[in-house]
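One-based numbering, in listed order, for ligands and for the atoms of each.
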Amino acid sequence: MPDALQFPIIDLSFPDRFSIANLIRQGCVDHGFFYLENHGVDEELISKVFEQSSNFFSLPIEEKMKLVRKNHRGYTALYAEKLDTTLTTEGDSKESFYIGPLADDLNQWPLEEDLPSWRSTMETYHQKLLSAVTKLLSLIALSLKLEEDFFEKVGALIEPLAFIRLLHYPGDLNSSSEEIFGASAHSDYGMVTLLVTDGVPGLQICREKSKQPQVWEDVPSMSGAFIVNIGDMMERWTNGLFRSTLHRVLQPRQDRYSVAFFTNPSKDCIVECLESCCTESCPPRFPPIKAIDYLEERLRLTYGL
Ligand SMILES: O=C(O)CCC(=O)C(=O)O
Ligand SMILES: [Fe+2]
């Protein structure tokens, strides 16, 4: 049995930004994962988000289907999504709900009379998470020996395509198939993801995606901290220096709730290899891409649209 994984713990309020940036670099190079504490998001707000999430998923399926996913916002039912597109089984055993950028009016909301304060709770969470991510990205820029406002300067943060995903993995599903996962193996698409779980285990990572057989290690939750992971666009920016690590969630034996916050750059932002991450002998591994084109293609593959 391998030892439990130990990721660096990043304290977002720590005054020595350079030592924090070094620790972030270590986490991103070694694992593509780290913990984030003192992130400025109240425990109380996080509890409210979990409570409201459970209130929504407890609604009858007909009610939930009224908000079925459109424009990548709203409800996705059990088995409707398959993150590992190579699997031949039906979809993942989770249901989820997406809330995207607040400014563009595309979000779908439950009625206030059905779920009072649901919308305002999620809007507050979206704003708070965006502010934590903005601070984190300035440290990530430092960790790459860039100026702190690098991600602002390249336009990634003008109107970031940031999404909350509420997740519910039911614990009472009897499945005989070993190929059914709560969330099958995938890497996230964007810059960084901030995840909080209810503490029920299930999340695992595979650090060497091309090594066979794959080795999966448990990621423990840390009370009060976000689990942060690097996404594919950040991996492309850094020419693979920062890893977008493969991860999955096993089907739990009891109900499991988690809340992910995916941060993608603004739609027109060009993601291209950083100068500091390539040399003549180590040329760019990925061509430049526009954030929205990359994101739409990944979503198309996941949802089979
Ligand atoms: O629920 C979790 O712990 C992880 C979810 C996840 O990886 C995702 O939604 O991309
Ligand atoms: Fe993920």
### Task
Measure up the Y98 and H72 rings against each other and bin them: parallel (under 30°), tilted (30 to 60°), perpendicular (over 60°).
tilted
### Plane angle bin for F261 and Y125 - parallel if under 30°, tilted between 30 and 60°, otherwise perpendicular
perpendicular
### Query
Atom CG in L12, atom NZ in K135: separation rounded to 0.5 Å?
6.0 Å
### Query
Which distance, rounded to the nearest 0.5 Å, do you find between the OG1 of T197 and the OH of Y169?
9.5 Å
### Task
Measure distances from the Fe ion (ligand 2) and count the protein N, O or S atoms below 2.8 Å.
3
[X] bridged to [Y] by N-O distance under 4.0 Å:
{"X": "K64", "Y": "E95", "answer": "yes"}
{"X": "K66", "Y": "D114", "answer": "no"}
{"X": "E51", "Y": "K48", "answer": "no"}
{"X": "R248", "Y": "D84", "answer": "no"}

Considering only N or O atoms, set out every pair between ligand 1 and the protein closer than 3.5 Å, with distances to one decimal place.
| unit_1 | atom_1 | unit_2 | atom_2 | d |
| --- | --- | --- | --- | --- |
| ligand 1 | 1 (O) | Y169 | OH | 2.6 |
| ligand 1 | 1 (O) | R256 | NH1 | 3.0 |
| ligand 1 | 1 (O) | S258 | OG | 2.7 |
| ligand 1 | 3 (O) | R256 | NH1 | 3.2 |
| ligand 1 | 3 (O) | R256 | NH2 | 2.9 |
| ligand 1 | 7 (O) | H186 | NE2 | 3.1 |
| ligand 1 | 7 (O) | H247 | NE2 | 3.0 |
| ligand 1 | 9 (O) | R165 | NE | 3.4 |
| ligand 1 | 9 (O) | R165 | NH2 | 2.8 |
| ligand 1 | 10 (O) | R165 | NH2 | 3.4 |
| ligand 1 | 10 (O) | H186 | NE2 | 3.0 |
| ligand 1 | 10 (O) | D188 | OD1 | 3.2 |

### Message
We want to know whether N229 and H31 form a side-chain donor-acceptor pair, criterion being a heavy-atom distance below 3.5 angstrom.
### Response
no
